[in-house]
Amino acid sequence: VQLQASGGGTVQAGGSLRLSCKASGRLSNHALGWFRQAPGQDREFVAGINWTGGRTRYADSVQGRFSISSVKALNTVYLQMNRLTPEDTADYYCAAKFWKGGGYDPPGPSVPYTYWGQGTQVTVSS
């Protein structure tokens, strides 16, 4: 699986951005996730989706503001980010791993992912 993230940019606080992650390869029985890493900080889980069943999981810090979704026909996962704050400034990465069937939630924040795309930078100005 190869992943290509895009859609980052600079936005004012309170604004929105949508990140895209285009995948190549078969994604059935995979989970896809978004992670972020701010300067000087560890990488952290943001959101995940079970590709087959569509179930989702979010970090507490983005719950209610961010939404992860997928379009199977495009082999693409999106991260819609609303009500952005300066604390959301980071490099955002998409990732994938082989996972359970469609009836399961995607992996939790501490589960390592296998495939990684390059980062896309998000900067939120105050």
Side-chain angles (χ1 to χ4, degrees):
V1 176
Q2 292 184 318
L3 304 167
Q4 179 77 33
S6 62
T10 299
V11 63
Q12 288 191 327
S16 299
L17 277 175
R18 188 178 77 160
L19 306 183
S20 300
C21 177
K22 173 73 173 177
S24 63
R26 290 176 58 89
L27 293 179
S28 56
N29 293 321
H30 279 74
L32 283 94
W34 285 98
F35 293 75
R36 67 186 181 187
Q37 186 167 22
Q41 298 188 22
D42 293 335
R43 185 170 59 196
E44 65 173 353
F45 170 82
V46 176
I49 186 167
N50 184 316
W51 179 261
T52 301
R55 298 179 69 155
T56 59
R57 184 192 295 272
Y58 296 93
D60 290 344
S61 58
V62 307
Q63 181 79 45
R65 299 189 299 123
F66 290 13
S67 177
I68 188 170
S69 62
S70 64
V71 176
K72 289 183 172 59
L74 299 178
N75 240 33
T76 299
V77 171
Y78 300 97
L79 184 68
Q80 177 66 43
M81 306 186 294
N82 299 325
R83 291 185 280 136
L84 285 160
T85 73
E87 288 69 37
D88 296 314
T89 295
D91 290 328
Y92 284 71
Y93 299 85
C94 61
K97 72 175 279 89
F98 187 77
W99 192 236
K100 305 173 183 178
Y104 291 88
D105 288 338
S110 61
V111 176
Y113 277 63
T114 308
Y115 307 101
W116 291 86
Q118 90 294 352
T120 185
Q121 188 173 50
V122 172
T123 302
V124 184
S125 60
S126 57

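A donor-acceptor pair under 3.5 Å is absent between the side-chain atoms of R57 and the main chain of G33, judged by distance alone. At least one donor-acceptor pair under 3.5 Å links the side chain of T52 to the backbone N or O of N29. The backbone N or O of G103 sits nowhere less than 3.5 Å from a side-chain atom of N50 that would complete a donor-acceptor pair. Proximity of a side-chain donor or acceptor of T56 to a complementary backbone N or O of I49 within less than 3.5 Å is not detected. Using a distance-only test at 3.5 Å, with no hydrogens or angles considered, a donor-acceptor pair links the side chain of Q118 to the main chain of A5. Remark: side-chain polar atoms of K22 are paired, donor with acceptor, to backbone N or O of L74 under 3.5 angstrom.
Atom-to-atom distance recorded for C94:SG and Y78:OH is 12.0 Å, nearest 0.5 angstrom. A distance of 7.0 Å separates CD in Q121 from OG1 in T10, rounded to the nearest 0.5 Å.
Both L84 and I68 belong to a single network of hydrophobic side chains, linked directly or stepwise wherever heavy atoms of I, L, V, M, F, W or Y lie under 4.5 Å apart. Residues Y93 and L27 do not share a hydrophobic cluster, clusters being chains of Ile/Leu/Val/Met/Phe/Trp/Tyr side chains in contact below 4.5 Å. With hydrophobic clusters built from ILVMFWY side chains whose heavy atoms lie under 4.5 angstrom apart, L17 shares a cluster with Y92. Both V1 and W51 are members of a single hydrophobic cluster when ILVMFWY side chains are connected at heavy-atom separations under 4.5 Å. Clustering ILVMFWY residues whenever any of their side-chain heavy atoms sit less than 4.5 angstrom apart, transitively, puts V77 in the very cluster that holds Y58.
With respect to R36, the side-chain hydrogen bond (donor to acceptor under 3.5 Å, both in side chains) criterion is satisfied by exactly one of T120, D91, D88: D88.
Nearest heavy-atom pair, G25 versus N75, reported as atom, atom and distance to 0.1 Å: O-ND2, 3.1 Å. A pairwise comparison of heavy atoms in F35 and A95 identifies CE1-CB, 4.1 Å as the closest pair. The nearest pair of heavy atoms linking L79 to W34 is CB-NE1, 3.5 Å. Residues Q41 and Q37 come closest through the heavy atom pair O-NE2, 3.1 Å. Closest approach of G48 and Y113 over heavy atoms only: CA-OH, 4.5 Å. Considering all non-hydrogen atoms of both residues, Q80 and S16 come closest at NE2-CB, 3.9 Å.
Within the 4.5 Å cutoff, side-chain heavy atoms of R65 are placed close to those of T85. Side chains of V122 and L19 form a contact here, defined as non-hydrogen atoms less than 4.5 Å apart.
Note: Y115 and H30 have tilted aromatic rings, judged against thresholds of 30 and 60 degrees for the angle between ring planes.
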